[in-house]
Amino acid sequence: MHGEYKVPGGKLVVVDVDVEDGVLRHPRVAGDFFLEPDEALDAVNRALDGAPADTDAAGLAARIDAALPEGTVMYGLTSEGVGIAVRRALAHATDWTDYDWQLIHEGPQSPALHMALDEVLTAEVAAGRRPPTLRVWEWGAPAVIIGSFQSLRNEVDPEGARRHGIEVVRRISGGGAMFVEPGNTITYSLSVPEALVQGLSFQDSYAYLDDWVLGALGEMGIRAWYQPLNDIATDQGKIAGAAQKRIVGPDGGPGAVLHHVTMAYDINADTMLQVLRIGREKLSDKGTGSARKRVDPLRRQTGLPRGAVIERMIDSFRARYGLADGKVTDEELARAEALARTKFTSPEWTTRVPRVRRGPSAP
């Protein structure tokens, strides 16, 4: 069995391993990492050999750490990364390069239609009718997008939203509220087969699916990193947030993962504060004293027009994994438009979570 895992911010780890009588046998770890001394690699392989095949990544990492020679130095490699590569091998996980990726980047669309397209396209990937897809959004109107499990009244000031003409929609993934404005926001979705993240924990799947965009940002001179659970940050502040949703395949079979990211290119912090109810607890959790400091726009960090940032991101993905231009099919669009009307603009969906008291620190 063969498994691969790129350590976030690090190097590729490759593992080939057999399973005999319920234990790992003949493990062979390789990759473009750096490891000193040389005999440390033999120690890693010996630590894995004989481990129960159901040992999780953390357990495998503990075996490796206990076996490493004193003074071992790893660069671009972690014991946990080796453990994850083993789990991916056992789960028969696929790799990015195993697929023919398709790009969808079309004109501005309504917030509700974007929510519907995420659901429809990911379901099509789960059904095997669509290849893995990178979709770059263009916003047709300003909006607040709340997470699947958030209380509408807790998150949004209705008067502020009406005053600024802000549409409020609820997405199918969890996480927090997003404030978006056309021209000021960069949003993209990945709709990928579940096999791509097999062997990864929920948290590890975020880091894994975000890794390519960290590389793209690095090519634009931004040193960015994944910040658990779902943020992308730089030393100057948060620049993006991610959210995910698993969609089951036909007849309960292997499905697909929706992973979408919203990045702040620029932001009108004053409007955001009038529309979102951002409590002091949340700001304190982020280690900041004001919402204005929570998001650091890409425009200032790159000095590039928004379109150029998007173009460079797409070019970076294409250079890594290949990417063919595509489009939403007529059938997919018709299904999404119907879903936008019946679900994503319905009060029943938008208000489905009742108000929850936050406590004395809430505004």
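Each residue takes its place number in the sequence, starting with 1.
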Pair Q198-H92, side-chain donor/acceptor within less than 3.5 Å:
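The answer is no; no qualifying pair exists.
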Verify whether one side chain among T133 and Q102 offers a donor that lies under 3.5 Å from an acceptor in the other.
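The criterion, which ignores hydrogens and geometry beyond distance, is not satisfied for Q102 and T133.
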Does a side-chain N-to-carboxylate-O contact under 4.0 Å join [X] and [Y]?
{"X": "D315", "Y": "R318", "result": "yes"}
{"X": "R277", "Y": "E155", "result": "no"}
{"X": "R163", "Y": "E159", "result": "yes"}
{"X": "D56", "Y": "R87", "result": "no"}
{"X": "E348", "Y": "K343", "result": "no"}

Expected output: side-chain [X] to main-chain [Y] donor-acceptor under 3.5 Å:
{"X": "Q150", "Y": "G147", "value": "yes"}
{"X": "R88", "Y": "E4", "value": "yes"}
{"X": "E337", "Y": "A334", "value": "no"}
{"X": "R170", "Y": "T350", "value": "yes"}

Quick one: do R28 and D18 satisfy side chain to side chain contact (heavy atoms under 4.5 Å, CB included)? Show the steps, please.
CA-CA 9 Å; R28 283 124 11 234; D18 301 321; 4.1 Å; yes
Is L323 linked to L217 within one hydrophobic cluster, defined over Ile, Leu, Val, Met, Phe, Trp and Tyr using a side-chain heavy-atom separation of less than 4.5 Å?
yes
Treating Ile, Leu, Val, Met, Phe, Trp and Tyr as nodes and any side-chain heavy-atom pair under 4.5 angstrom as an edge, say whether V15 and V7 lie in one connected cluster.
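V15 and V7: one cluster.
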Taking side chain to side chain contact (heavy atoms under 4.5 Å, CB included) as the criterion, tell me which of I104, V261, I310 meets it with Y188.
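In the set I104, V261, I310, the residue that makes a side chain to side chain contact (heavy atoms under 4.5 Å, CB included) with Y188 is V261.
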Give me the atom names and distance for the closest heavy-atom approach of V275 to G160.
CG2-O, 3.8 Å
Answer yes or no: is there a side-chain heavy-atom contact under 4.5 Å between V257 and L196?
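With C-beta onward as the side chain, the pair stays apart.
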Side chains of R312 and S316 in contact at under 4.5 Å (non-hydrogen atoms)
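Side chain of R312 against side chain of S316, heavy atoms only: no contact under 4.5 Å found.
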Would you say the ring centers of H105 and W137 fall short of 6.0 Å from each other?
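That pair fails the under 6.0 Å test.
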Step through it carefully: locate the ring centre of W139, locate the ring centre of Y265, and say whether they are under 6.0 Å apart.
no
At what distance, to the nearest 0.5 angstrom, does CG of L298 lie from OG1 of T234?
8.5 Å
Does the pair W101 and V192 meet the rule for a side chain to side chain contact (heavy atoms under 4.5 Å, CB included), with working shown?
CA-CA 9 Å; W101 290 87; V192 306; 3.5 Å; yes
Parallel, tilted or perpendicular: rings of W96 and F317 (30°, 60°)
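Taking W96 first and then F317, their aromatic rings stand perpendicular (interplane angle over 60°).
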Out of K245, H260, R171, which residue meets the side chain to side chain donor-acceptor pair (under 3.5 Å) rule with D118?
H260
Answer yes or no for R246 and F202: cation-pi contact, defined as NZ/CZ to six-membered ring centre under 6.0 Å and angle to ring axis within 45°.
no
Apply side chain to side chain donor-acceptor pair (under 3.5 Å) to T329 and E332, showing your working.
CA-CA 5 Å; T329 68; E332 290 168 339; 3.3 Å; yes
